[in-house]
Amino acid sequence: MPTETTAPPNFIHEIVEEHNRTGRFGGRVHTRFPPEPSGYLHIAHAKVASIDFGLARDFGGKCNLRFDDTNPIREETEYVDGIIETLHWLGWDWDDRLFFASDYFQQLYEWAQLLIRKGKAYVCDLSPDEVREYRGDLTTPGRNSPWRDRSVEENLDLFERMKRGEFPDGSRTLRAKIDMAHPNFNMRDPVMYRILHAEHHRTGNEWCIYPMYDWAHGQSDSIEGVTHSLCDVGYEDHRPLYEWFCNELGIYCPQQVEFGRFAFTYTVLGKRILKRFVKEGLVHGWDDPRMPTLVGLRRRGYTPEAINDLCNRTGVSKTNTVIEIQLLEYCIREDLNKRAPRVMAVLAPLKVVIENWPADKVEWVEAVNNPEDESMGTRRIPFGRELYIEQDDYREDAPKGWFRLGPGREVRLKHGYFITCHEAVKDADGNIVELRCTYDPESAGGQTPDGRVVKGTLHWVSAAHAVDAEVRLYDYLFTKPDPNDAPEGQDFMANFNYNSETILTGCKVEPGLAAARPGDRFQFLRTGYFCLDPDTTPELLVFNRTVGLKDTWSKVEKKK
RNA sequence: UCGGGGAUAGUUUAAUGGUAAAACAUCUGACUCUGGAUCAGAAGUUUGGGGUUCGAAUCCCUGUCCCCGAGCCA
């Protein structure tokens with residue numbers, strides 16, 4: 001469990017402490033994280049999981065993983081496996097407490113019969129459209145279903161025949177008999193069971209009636225001995241029903257506690273929409289590095305530590321919140337800055353020939369792996385007559401304040417020597433294809449005996465030793481306008497640009513990276529943090545950019 | 001329109017009748033073998049109006065605005 005960092009206490013802690021004072025649950029704290037296996041977990045799920053598992057951790061309690069799999073047409077085993085894997089990646093653990101709502105189908109069925117016998121549930125023959133009509137609206141009360149007063153015997157018989165599969169989908173439902181005039185729609189005789197002749201990912205064709213969320217969730221919590229059933233404020237109106245069912249059944253009733261929903265700037269988390277992106281091939285899959293899914297963020301290079309840090313730094317309240325995505329970027333920079341080795345990589349190579357360096361001479365210079373952490377040690381990298389530097393690091397028109405290379409200018413090659421540029425070789429179209437330079441033999445290690453100062457330091461790789469790599473630059477899927485501000489009722493898919501991936505081929509990285517393993521993360525100096533893609537082929541190193549560093553030069557330039 | 005919930009810097013949260021604060025974001029400056037990182041500094045906040053009180057973000061009254069709810073989804 002991620003125990004190193006703990007979230008500050010929030011209002012839920014106060015509720016629990018109050019329960020502990022009054023002894024309501026005998027000092028127990030037992031929560032559950034209840035995803036529906038109908039998609040992959042995304043960044044907001046990480047926050048919710050952190051609330052559920054975190055509360056149990058903070059009070060020395062337990063948290064179950066329970067899949068809310070009551071709708072067979074949306075759910076798949078692939079998602080169950082994906083969710084479990086992601087949760088483990090985040091560091092959460094539930095011992096042997098992995099449950100499924102579908103574990104309780106038989107019990108739920110028997111409880112439904114109990115409610116029928118108590119005269120609190122009935123089989124209704126209204127069609128979906130009729131049910132809607134009878135339900136009334138915001139200001140007018142609903143009307144009783146004509147089937148509301150069937151006898152217990154008839155209800156029992158009909159319900160059993162529903163279960164046996166005698167009726168087609170949608171022809172009948174089992175409903176709770178509560179109050180069709182109740183101001184809360186959830187209490188207007190809510191549907192408990194619907195007929196669905198569909199194969200369930202776990203129970204196969206054993207059932208053709210499936211419980212609704214309301215008829216399954218509270219009882220599942222009750223069976224598992226959950227004390228605090230945490231959910232978002234969208235379920236506030238469901239709490240009276242949650243409690244009504246437990247009370248009518250005469251079973252233990254947990255306390256439902258609601259917290260505000262979470263959204264992120266420039267991020268769309270809607271399952272339907274993400275699914276659509278995957279299906280329509282706008283992204284390569286659920287784990288596309290641009291996706292807000294946790295498998296996507298992982299592939300892009302985000303660490304579980306950074307994501308947990310984000311969860312701890314953002315609060316929990318009853319207000320719906322929009323978390324700035326910049327905070328996530330801060331968290332990953334914080335984490336990677338400490339752990340990612342600095343390596344040299346040239347994304348857009350420009351050849352440099354050092355004319356006064358012997359053609360076949362190679363010098364292996366020493367380089368520190370992380371200037372802020374000596375324990376990460378040093379490595380040796382080859383320096384030779386032909387090198388590559390970044391195209392962006394040479395400017396013919398070098399403006400004021402430009403510390404990098406230009407005609408006649410001297411810079412330091414990091415860990416190497418000072419070089420001075422004498423000539424830019426151009427092709428027929430006037431593009432610079434090569435720089436002719438000389439080096440100062442006195443400047444080994446980056447300093448000269450005369451102590452002269454060069455302000456610019458560049459990263460570079462030896463042309464003879466460099467390893468070819470492909471670099472993919474990713475940004476958040478959505479660009480401005482912020483999709484959270486989508487005009488009402490419009491299909492934002494038509495309105496919003498999404499970032500395509502930028503693939504840079506012909507990148508050159510220092511030779512030591514040939515030994516890097518998929519998932520390894522690095523800081524390429526000045527260009528950002530990169531993660532070696534897990535799907536990379538052995539022949540070619542593919543790096544995904546996690547997050548860019550702040551480009552201070554362009555800021556300097558903008559000011560002028 | 002009916003029911004439920006919410007409102008403190010740009011954002012997310014503290015302050016539980018006693019000096020309104022932190023982090024991120026923003027801006028300024030310093031430093032550096034990258035201009036990154038780091039360090040220092042600045043600006044900015046109680047939804048409006050009334051009331052109680054020596055004293056109100058907090059208690060009372062009253063407005064305003066925002067979110068959720070009419071699935072046989074969860």
Side-chain angles (χ1 to χ4, degrees), chain A residues 8-10 14 34-36 38 68-71 73-75 101 124 126-128 131-133 135-142 169-175 182-188 190-196 209-210 212-214 216-217 231-240 258 260-262 265 271 310 313-331 333-334 337-338 342 367-368 370-372 393 401-404 411-416 445-447 454-459 523 525-529 548-556:
Chain A
N10 55 56
E14 287 174 29
E36 185 194 19
S38 57
D68 241 335
D69 56 348
T70 56
N71 186 349
I73 58 183
R74 287 156 50 111
E75 299 149 9
C124 179
L126 254 27
S127 71
V131 168
R132 195 176 312 120
E133 269 179 53
R135 189 157 29 223
D137 63 27
L138 262 16
T139 47
T140 64
D169 288 3
S171 58
R172 289 181 219 264
T173 55
L174 182 73
R175 297 225 260 162
H182 199 109
N184 180 347
F185 283 101
N186 294 304
M187 302 300 270
R188 318 245 262 227
V191 172
M192 295 160 63
Y193 277 96
R194 76 285 217 185
I195 299 172
L196 242 36
I209 55 171
Y210 290 93
M212 297 290 291
Y213 163 86
D214 287 301
H217 203 91
C231 58
D232 72 61
V233 289
Y235 293 92
E236 242 157 0
D237 290 346
H238 292 251
R239 185 168 7 105
E258 307 89 6
R261 315 175 78 120
F262 302 99
T265 55
K271 237 177 229 181
L310 174 88
R313 281 171 183 273
T314 50
V316 182
S317 65
K318 292 212 68 167
T319 320
N320 291 341
T321 59
V322 181
I323 298 165
E324 287 183 340
I325 204 70
Q326 285 93 322
L327 186 57
L328 210 213
E329 292 182 29
Y330 169 81
C331 291
R333 265 190 268 121
E334 274 278 294
N337 184 43
K338 285 194 207 86
R342 276 57 170 167
V368 293
N370 187 335
E372 287 166 56
D393 284 343
W402 178 258
F403 298 155
R404 281 123 92 164
V411 295
R412 171 168 40 229
L413 294 179
K414 192 170 174 78
H415 307 304
Q447 282 165 42
V454 291
K455 282 190 163 175
T457 302
L458 307 184
H459 54 273
Q523 185 188 120
L525 298 169
R526 210 208 274 119
T527 47
Y529 293 100
L549 301 174
K550 293 172 186 171
D551 183 355
T552 319
W553 170 252
S554 66
K555 228 159 68 177
V556 168

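Letters A, B, ... are given to chains in the order of the sequence lines, protein chains preceding strands, and every chain is numbered from 1.
Residue contacts for H182(A): at a heavy-atom cut-off of 4.0 Å it reaches no nucleic acid atom on any strand shown. In this structure, Y330(A) reaches the sugar-phosphate backbone alone: every heavy-atom distance under 4.0 Å involves primed, P, OP1 or OP2 atoms, never a base. Within 4.0 Å (heavy atoms only), R175(A) reaches no atom of the nucleic acid at all. Among the atoms of the strands shown, base atoms are found under 4.0 Å from some heavy atom of G170(A). Residue contacts for E14(A): at a heavy-atom cut-off of 4.0 Å it reaches a base atom on one of the strands shown. The residue L549(A) sits close only to the backbone: its heavy atoms come under 4.0 Å of sugar-phosphate atoms, none of a base.
K271(A) is linked by a side-chain hydrogen bond (donor to acceptor under 3.5 Å, both in side chains) to S38(A), counting only residues two or more places apart in sequence or in another chain.
Using P as the reference atom, U1(B) and C72(B) are 26 Å apart when rounded to the nearest Å. Taking the C1' atom of each, A30(B) and G18(B) are spaced 40 Å apart, rounded to whole Å. Remark: the separation of the C1' atoms in U11(B) and G49(B) is 28 Å, to the nearest Å. For the P atoms, the distance linking C73(B) with G10(B) amounts to 43 Å, nearest Å. A40(B) and A7(B) are spaced 35 Å apart, taking the C1' atom of each and rounding to whole Å. A15(B) sits 31 Å from C27(B) when the P atoms are compared, rounded to a whole Å. Taking the P atom of each, C67(B) and U16(B) are spaced 31 Å apart, rounded to whole Å. The same atom, C1', is picked in A9(B) and in A21(B); the two are 11 Å apart, to the nearest Å.
Applying the 4.0 Å criterion to OP1 and OP2 of C73(B), one finds that R194(A) has a side-chain N or O inside that range. Residue R188(A) places no side-chain N or O under 4.0 Å from the OP1 or OP2 atom of G69(B). Remark: R333(A) is in phosphate contact with A25(B), judged by side-chain N or O atoms under 4.0 Å from OP1 or OP2. A close approach under 4.0 Å does not occur between any side-chain nitrogen or oxygen of S38(A) and OP1 or OP2 of A74(B).
The side chain of H238(A) lies closest to A74(B) when the candidates are A70(B), A74(B), C72(B). Side-chain atoms of F185(A) lie closest to A70(B) of the nucleotides A70(B), C24(B), C72(B). Side-chain proximity of P183(A) to the nucleotides A37(B), C2(B), G71(B) is greatest for C2(B). You'll find that the side chain of E36(A) is closest to A74(B), out of A74(B), A25(B), U34(B). Of all nucleotides listed (A74(B), U34(B), A37(B)), A74(B) comes nearest to the side chain of M212(A). Closest approach to the N71(A) side chain among A37(B), C73(B), C72(B) is made by C73(B) (side chain taken as heavy atoms from C-beta onward). For E372(A), whose side chain is taken as the heavy atoms from C-beta onward, the closest listed nucleotide among A37(B), C72(B), U1(B) is A37(B).
Here the side chains of E329(A) and K550(A) are not in contact, with every heavy-atom distance at 4.5 Å or above.
The nearest whole Å value for the distance from the CG atom in L310(A) to the P atom in A23(B) is 17 Å. A74(B) atom P lies 12 Å from atom NE2 of H217(A), rounded to whole Å. Distance CD1 (I325(A)) to P (A25(B)): 13 Å, rounded to an integer number of Å.
For Y235(A) against A74(B), a side-chain-to-base donor-acceptor contact under 3.5 Å is present. Side-chain N/O atoms of D237(A) and base N/O atoms of G3(B) include a donor-acceptor pair closer than 3.5 Å.
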> How does RNA chain B read in dot-bracket, base by base from 5' to 3', with Watson-Crick or G-U pairs under 3.5 Å and | used when the partner is on another strand?
Replying inline: .((((((..((((....[..)))).(((((.......)))))....(((((..]....))))))))))).....
>> Go through it in stages, so that I can follow the logic: the residues are K338(A) and E372(A), the test is side chain to side chain contact (heavy atoms under 4.5 Å, CB included), and I'd like the CA-CA distance, side-chain angles, deciding distance and then a yes or no.
In response: CA-CA 7 Å; K338(A) 285 194 207 86; E372(A) 287 166 56; 6.0 Å; no
> Going through the distances and angles, do Q326(A) and T265(A) end up as a side chain to side chain contact (heavy atoms under 4.5 Å, CB included)?
Replying inline: CA-CA 9 Å; Q326(A) 285 93 322; T265(A) 55; 4.2 Å; yes
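Ring geometry for Y235(A) versus Y213(A): interplanar angle of 30 to 60°, hence tilted.
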Dump the pairs, protein N or O against N or O of nucleotides 8-14 of chain B, anything under 3.5 Å, distances to one decimal.
unit_1, atom_1, unit_2, atom_2, d
G10(B), N2, E324(A), OE1, 3.0
U11(B), O4', E324(A), OE2, 3.2
U11(B), O3', V322(A), O, 3.1
U11(B), O2', V322(A), O, 3.2
U12(B), OP1, V322(A), N, 3.0
U12(B), O2', G315(A), N, 2.9
U13(B), OP1, S317(A), OG, 2.8

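In G71(B) the base sits syn relative to the sugar, since the glycosidic angle is no further than 90° from 0.
Distance alone, capped at 3.5 Å, places no donor-acceptor pair between the D393(A) side chain and the R404(A) backbone.
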